[in-house]
Chemist: 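Structure below; questions to follow.
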Number of protein chains: 2
Amino acid sequence: MPRTGRPRAFNRDEAVLAAMFLFWEHGFESTSLAQLRAAMGHISAASFYAAFESKEALFRETVERYKATYGRVMESYHDQRLAPKAAIEQGLRRSARMQTEGSHPLGCLVVLSGISCSPENQHIQEMLAKEREKNRDGIKDCIERAIANGELPDTVDVPMMVTMFDTFLLGISTQARDGIPFGQIDAAITHLMSIWDALSRKNG
Amino acid sequence: MPRTGRPRAFNRDEAVLAAMFLFWEHGFESTSLAQLRAAMGHISAASFYAAFESKEALFRETVERYKATYGRVMESYHDQRLAPKAAIEQGLRRSARMQTEGSHPLGCLVVLSGISCSPENQHIQEMLAKEREKNRDGIKDCIERAIANGELPDTVDVPMMVTMFDTFLLGISTQARDGIPFGQIDAAITHLMSIWDALSRKNG
DNA sequence: TGAGTTTTATACTAATCGATCCAGAAGTCC
DNA sequence: GGACTTCTGGATCGATTAGTATAAAACTCA
């Protein structure tokens with residue numbers, strides 16, 4: 001927030017939002033500076049680099065913005081107040097709903113925007129992989145909490161359970177991109193969650 | 001197959017294979033001509049364009065090569081000799097095994113190599129989406145065959161079932177990229193398939 | 001008013017993008 | 001051997017890539 005000097009002619013927040021939508025749709029490498037600058041209000045290259053250090057720095061900022069907004073659909077995995085099963089189910093359903101909405105690009109930015117990069121941008125790939133790892137950890141916490149409170153038997157294979165729900169979660173991105181409607185994914189989630197009930201019953 | 005003229009100095013088949021691995025790993029747009037030519041045996045630009053019309057034509061050829069080799073793990077969906085449940089299960093397990101192998105890039109080329117492109121290459125995205133659509137159709141055929149032969153009740157929601165198995169299948173690509181081992185995915189498939197048994201039992 | 005600060009427009013950089021041109025090399029066929 | 005065909009090395013194409021240099025514009029503050 002500079003107190004002196006010429007004021008910025010564009011809204012920085014809106015510009016980041018526009019950039020996020022572009023990266024979300026086309027990915028980090030396939031989104032060019034020219035596209036970004038046009039979408040951010042036809043700003044000049046000088047304005048771009050004055051406000052955002054580089055294309056990569058802007059991308060990192062859009063990932064943070066995404067996590068703080070659209071990406072919050074998955075925060076239930078880290079919400080200790082929710083019952084483990086409800087946390088996982090809610091994360092899946094809200095992700096499916098968000099990713100199929102028509103008001104923004106389809107699928108998940110964290111999954112789609114850097115799944116394949118040139119060798120020189122491998123660190124972008126790794127940065128997004130770490131974000132996905134955090135989700136996996138959240139799902140793992142839910143499974144472990146369920147075992148701890150007796151909801152699931154302690155004989156259950158934790159990594160397997162994590163992989164089962166997370167693989168489905170990751171698949172939603174491509175399904176959404178391919179135009180599969182929310183209703184079908186949501187109905188599939190209902191049946192996926194029945195696995196939890198089946199394992200839970202064995203415990204009773 | 002030219003009968004006259006100077007013979008080609010490189011093996012075309014091997015070159016396509018090398019190109020396939022690059023596209024598989026980095027995607028269509030993030031793989032440059034320079035990278036391709038180097039991997040194909042340090043061939044010149046002239047040699048490249050003489051043998052392959054364009055970068056896009058080569059990519060289409062590598063997709064065909066992929067479908068005819070590594071991609072055959074999913075042909076069980078279209079194998080009428082297999083029981084429907086076995087067909088789906090085999091497709092999932094073989095895909096998981098292939099995509100986690102260390103002898104080639106991780107994940108599925110059809111899912112990963114063109115999931116996000118620049119606007120001018122949207123047709124590449126659509127081409128790969130059509131390939132995924134063929135898989136979906138194969139899974140749908142399996143579900144419908146199971147209903148027809150009484151294996152599943154005719155009350156089952158076909159699009160839901162297709163989406164359930166296909167979402168998991170698509171998720172394997174990202175899981176494999178993230179280094180999740182085959183064993184975990186395979187164990188998850190076992191539990192995913194239990195949904196089939198649960199629906200099947202209701203029929204008896 | 002004028003010093004200090006920040007953003008702006010404009011022009012420009014070197015590198016890379018996919019693709020092409022041309023001359024010569026290296027074959028087959030008669 | 002000579003005509004014909006195809007491939008190769010090397011230079012090059014125009015367009016685009018991310019990023020920068022410069023100086024004027026537009027603001028705050030004293």
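Heavy-atom basis, side chains included; hydrogens, waters and symmetry copies ignored. Throughout, a chain's letter reflects where its sequence line sits, starting with A, and its residues are numbered from 1.
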Chemist: Applying a 4.0 Å non-hydrogen cut-off, can you work out what A/F10 is touching in the nucleic acid: base, sugar-phosphate, or nothing?
Modeler: sugar-phosphate
Chemist: Rounding to an integer number of Å, can you tell me how far B/M40 CE sits from D/dT8 P?
Modeler: 12 Å
Chemist: A/H104 pairs by ring-ring contact (aromatic ring centres under 6.0 Å, His included) with which of A/F23, A/Y66, A/Y70?
Modeler: A/Y70
Chemist: Does B/A46 or A/T31 map to a spot on DNA chain D nearer the 5' end, using the closest nucleotide for each?
Modeler: B/A46
Chemist: If I take atom CG in residue B/L33 and atom P in nucleotide D/dA15, what distance separates them, rounded to the nearest angstrom?
Modeler: 18 Å
Chemist: Which nucleotide, D/dC29, C/dA26, D/dA26, lies nearest any side-chain atom of A/T4?
Modeler: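 Nearest nucleotide to the side chain: D/dC29.
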Chemist: I need the NZ-C1' distance between B/K55 and C/dT20, as an integer number of Å.
Modeler: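 The answer, rounded to whole Å, is 17 Å.
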Chemist: In terms of side-chain heavy atoms of B/R6, which of C/dG18, C/dG27, C/dG24 is nearest?
Modeler: C/dG24
Chemist: Report yes if a side-chain nitrogen or oxygen of B/S32 is closer than 4.0 Å to either non-bridging phosphate oxygen (OP1 or OP2) of C/dC17; otherwise report no.
Modeler: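 Yes, such a contact exists.
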Chemist: With a 4.5 Å limit on heavy-atom distance, are the side chains of B/E56 and B/F28 in contact?
Modeler: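 Yes - at least one pair of side-chain heavy atoms lies under 4.5 Å apart.
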Chemist: Between CD of A/E29 and CZ of A/F59, what distance do you get to the nearest 0.5 Å?
Modeler: 10.0 Å
Chemist: Rounded to whole angstroms, how far apart are CG on A/L36 and P on D/dT16?
Modeler: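 One finds 16 Å between P of D/dT16 and CG of A/L36, rounded.
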Chemist: What's the CD1-C1' distance between B/I43 and C/dG18, to the nearest Å?
Modeler: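 Rounded to the whole Å, the gap is 14 Å.
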Chemist: Look at A/Y49 and D/dG19 and indicate whether a side-chain polar atom (N or O) is within less than 4.0 Å of OP1 or OP2.
Modeler: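 Yes, within the criterion.
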Chemist: Side-chain N or O of A/S44 versus OP1/OP2 of C/dT8: is the shortest distance under 4.0 Å?
Modeler: no
Chemist: Taking atom C1' of D/dA18 as reference, at what distance in whole Å does atom CD of A/E56 sit?
Modeler: 12 Å
Chemist: For the residue pair B/Q175 and A/R132, confirm or rule out a side-chain donor-acceptor distance under 3.5 Å.
Modeler: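 Side-chain D/A pair, B/Q175 to A/R132: absent.
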Chemist: Whole angstroms only, please: what is the CZ-P distance between B/R37 and C/dG18?
Modeler: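 Distance, rounded to whole Å: 10 Å.
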Chemist: If you assign each of B/E120 and B/H42 to its closest nucleotide in DNA chain D, which residue comes earlier from the 5' end?
Modeler: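 Nearer the 5' end of the strand: B/H42.
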Chemist: In whole Å, what is the span from the CZ atom of B/F48 to the C1' atom of D/dT6?
Modeler: 18 Å
Chemist: Using a heavy-atom cut-off of 4.0 Å across all strands, would you classify A/A9 as base, sugar-phosphate, or nothing?
Modeler: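 If one applies the 4.0 Å heavy-atom cut-off, A/A9 turns out to touch the sugar-phosphate alone, with no base involved.
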Chemist: Test your reading of the model: is there a side-chain donor-acceptor pair from A/H26 to the backbone of B/C117, 3.5 Å cut-off?
Modeler: yes
